Amino acid sequence: MPAGGASLAAPAAAETTLSGAADESASLEATEALAAPAPAVTSPVAWMLLIILASIWGTSFILMKKGLVVFSATELGATRVSVAALLLLPFALRHVGKVERSRFKWLALSGVVGTLIPAFLFAYAETKLASGLAGVLNALTVVFTLLMGALLFGQRLTGLRVLGISLGLVGTVVMLLLGGSGGTDTPTGEGNAWYGIYILIATVGYGLSVNVIKHKLGGLTPVAVTSVLLLLIGGPALAYLLLGTAFLHKLATVPGAWAAFGYIALLATMSTAVAMVLFNKLIQQSTALFASSSTYLIPIVALAWGALDGEAFNLWHFAGMVVILAGVLIIHRAK
C-alpha cells in the first residue's frame with residue numbers, strides 16, 4: 001500500500017543505494033543491484049519517477065472508495081492482492097528459482113506487512129474515512145520508515161528527526177480528532193476519522209517493508225522482489241477471496257459489481273503491481289527515505305480526487321496535513 005517530493009539529502013537510515021530507475025519502469029528487467037553507493041545528488045530521473053509514482057498512488061484512494069460501493073473491505077483487499085499477483089505471475093515463475101532460500105523469509109515478511117495487511121487496513125479505513133484524508137495520513141509512511149530504521153536497522157536519530165517524527169504524530173492526532181467523513185458519497189454515508197488508526201498501522205508496515213527491501217534484499221532486481229513477494233502472498237489471498245467471501249456471487253448478481261471490480265482491478269494493476277515494481281526500483285535508485293517521500297505529493301493528488309468526488313476538506317484538515325508534511329520535511333532535511 002498502500003502506500004509522498006523529497007529532500008536531496010537522505011538521512012542515514014539507509015545510506016546504501018541501489019541503481020536502476022525508480023518509479024517509472026520502462027525497465028522491468030533492470031539488472032542493477034541494491035547495494036550500489038548512494039549518489040551525491042538525486043538524479044532527475046529519480047525525481048521524475050517519484051512524481052509518476054505519487055500520481056499513481058494518489059489515485060489509489062479514490063479507486064478504493066469506488067470499489068467499496070459494492071464489495072466489502074475484505075473482498076477489496078483480497079481482490080487487490082490476488083489480481084496483482086496474477087498479473088506478475090509470469091515474472092514470479094521466471095525469478096523464483098533464482099532467489100536464495102535464505103531470502104524467502106524476508107520476501108514473505110515484506111509481502112505480509114507491506115502489501116497484504118495494508119491492502120485490508122486501507123480498505124477498512126475507507127469504509128468511513130474520506131479518501132482524500134486517507135491520502136494525507138499515508139504520509140506517515142516516512143515517519144515510520146525512519147522509526148523502523150532506527151529501531152531495527154541501526155539508523156541514527158537526531159534531535160531534528162525526533163522533532164519531525166513528533167510533528168507527524170501530532171498532525172495525525174489533529175486529523176483523527178477532526179473527523180473524516182467522506183460525506184454521503186462514502187459507502188456507509190457517515191464518517192469516523194478514528195478509522196484512520198487502520199492507516200497508521202498500515203504505514204508502520206510500510207516503514208518496516210521499505211527497510212527490509214533496502215537492507216535484506218540487496219542484489220535482487222525490482223521485478224524479482226515484487227513478483228516473488230506477490231507470489232508468496234497471492235495464493236492465500238486468492239483462496240480466501242474465492243472460498244471465504246461472497247465476491248463471485250456479487251459479481252454475478254449485484255448491479256454495478258463489474259464496474260466496481262474494474263476500479264479494483266485498475267487499483268491492483270497500477271497501485272499494487274506496477275507501482276510496487278517502480279517503488280522498489282526507486283529504493284534502488286536512491287534511499288529508503290527518498291523512496292517513501294512520495295508521500296509529499298500523494299496527499300495533493302488524493303485530495304484533488306476527493307474534492308472532485310464531493311468530499312469535504314476544511315481549514316483544520318489542511319492545518320493537520322501541513323503539520324504532518326512539515327514533520328516529513330524536517331525528517332528529510334535533518335542531518
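It should be emphasised that the depicted structure is a prediction, and the values quoted were computed from it without experimental measurement.
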### Query
Between the main-chain N or O of Ser102 and the side-chain N or O of Lys105, is there a donor-acceptor pair closer than 3.5 Å?
yes
### Query
With distance as the sole test, does Trp106 use its side chain to make a donor-acceptor pair with the main-chain N or O of Val212 at under 3.5 Å?
no
### Task
Specify the closest pair of heavy atoms between Gly111 and Ile233, including all atoms of both residues, with the distance to one decimal.
O-CD1, 3.6 Å
#### Entry: Co-membership, hydrophobic cluster, residues Leu93 and Leu238, 4.5 Å side-chain
yes
### Message
Assigning hydrophobic clusters by single linkage (Ile, Leu, Val, Met, Phe, Trp, Tyr; side-chain heavy-atom cutoff under 4.5 Å), is Leu86 placed with Leu242?
### Response
no
### Message
Before you tell me yes or no, could you show the steps for Asp309 and Ile62 under side-chain contact (heavy atoms from CB on, under 4.5 Å), namely the whole-Å CA-CA distance, both residues' side-chain angles and the distance that decides it to 0.1 Å?
### Response
CA-CA 8 Å; Asp309 203 49; Ile62 193 67; 3.8 Å; yes
### Message
Between Thr269 and Ala265 (side chain of the first, backbone of the second, donor and acceptor by atom type, cut-off under 3.5 Å), is there such a pair?
### Response
yes
#### Entry: Whether Glu311 side chain and Gly132 backbone form a donor-acceptor pair below 3.5 Å
yes
#### Entry: Reported CZ-to-CG distance for the pair Phe144 and Leu151, which is rounded to 0.5 angstrom
10.5 Å
### Task
Could you walk me through whether Leu200 and Leu137 pass side-chain contact (heavy atoms from CB on, under 4.5 Å), step by step?
CA-CA 7 Å; Leu200 186 149; Leu137 292 175; over 6 Å; no
### Message
Working to the nearest 0.5 angstrom, can you tell me the gap between Leu266 CG and Arg80 CZ?
### Response
11.0 Å
### Query
Counting N and O atoms only, with roles assigned by atom type, does the side chain of Glu126 sit under 3.5 Å from a partner on the main chain of Ala123, one being a donor and the other an acceptor?
no
### Exercise: identify the closest heavy-atom pair between Leu140 and Gly168
CD2-O, 3.6 Å
### Summary
Between the CG atom in Leu241 and the CG atom in Leu76, the distance rounded to the nearest 0.5 Å is 10.0 Å
### Message
Could you check whether any side-chain heavy atom of Lys216 comes within less than 4.5 Å of a side-chain heavy atom of Phe153, counting everything from C-beta outward?
### Response
yes
### Query
Are any side-chain N or O atoms of Asn138 and backbone N or O atoms of Ala134, one a donor and one an acceptor, separated by less than 3.5 Å?
no
### Task
Measure the shortest side-chain to side-chain distance between Val301 and Thr59 over non-hydrogen atoms and say whether it is less than 4.5 angstrom.
yes
## Note on the structure
Interatomic distance, CG@Leu107 vs OG@Ser227, rounded to 0.5 Å, equals 9.0 Å
### Query
Are Leu63 and Met270 connected in a single hydrophobic cluster, I mean Ile/Leu/Val/Met/Phe/Trp/Tyr linked by side-chain heavy atoms less than 4.5 Å apart?
yes
### Query
Should Leu167 and Ile324 be marked as a side-chain contact (heavy atoms from CB on, under 4.5 Å) after you check the CA-CA gap, both sets of side-chain angles, and the distance that decides it?
CA-CA 6 Å; Leu167 283 175; Ile324 291 174; over 6 Å; no
### Task
Please tell me if the side chains of Leu217 and Arg103 come closer than 4.5 Å, counting only heavy atoms from C-beta onward.
yes
### Task
Could you pull out the closest heavy-atom pair between Leu325 and Pro299, with the gap in Å?
CD2-CG, 4.4 Å
### Task
For residues Val96 and Phe104, determine if any side-chain heavy atom of one lies less than 4.5 Å from a side-chain heavy atom of the other.
yes
### Minimum heavy-atom distance between Gly67 and Tyr263, given as atom pair plus value
N-CB, 4.3 Å
### Task
Starting at CZ of Phe247, measure out to OG1 of Thr74 and round the result to the nearest 0.5 Å.
11.5 Å
### Task
Determine the minimum heavy-atom distance between Leu229 and Ser110, stating which atoms define it.
CD1-OG, 3.5 Å
### Query
Are any of the side-chain heavy atoms of Leu53 and Ile298 separated by less than 4.5 Å?
no
### Task
Measure the shortest side-chain to side-chain distance between His249 and Leu251 over non-hydrogen atoms and say whether it is less than 4.5 angstrom.
no
### Query
Do the rings of Phe120 and Tyr240 sit parallel, tilted or perpendicular, given the 30° and 60° boundaries?
perpendicular
### Query
Within a strict 4.5 Å, meaning less than it, do heavy atoms of the Ser131 and Met64 side chains meet?
no
### Query
Which heavy-atom pair separates Leu267 from Ser60 by the least distance, and what is that distance?
CD1-CB, 3.4 Å
### Task
Go through Thr221 and His95 one step at a time and tell me if the side-chain contact (heavy atoms from CB on, under 4.5 Å) criterion holds.
CA-CA 9 Å; Thr221 63; His95 289 283; 4.2 Å; yes
### Message
Could you tell me if the side chain of Leu157 sits less than 4.5 Å from the side chain of Ile165, heavy atoms only?
### Response
yes
### Task
Consider only side-chain heavy atoms of I, L, V, M, F, W and Y, link residues closer than 4.5 Å, and tell whether Val323 and Ile300 are in one cluster.
no
### Task
Could you tell me the separation between the CG atom of Leu146 and the OG1 atom of Thr141, rounded to the nearest 0.5 Å?
12.5 Å
### Query
Just by modelled atom types, is the Tyr124 backbone N or O under 3.5 Å from a matching donor or acceptor in the Thr127 side chain?
yes
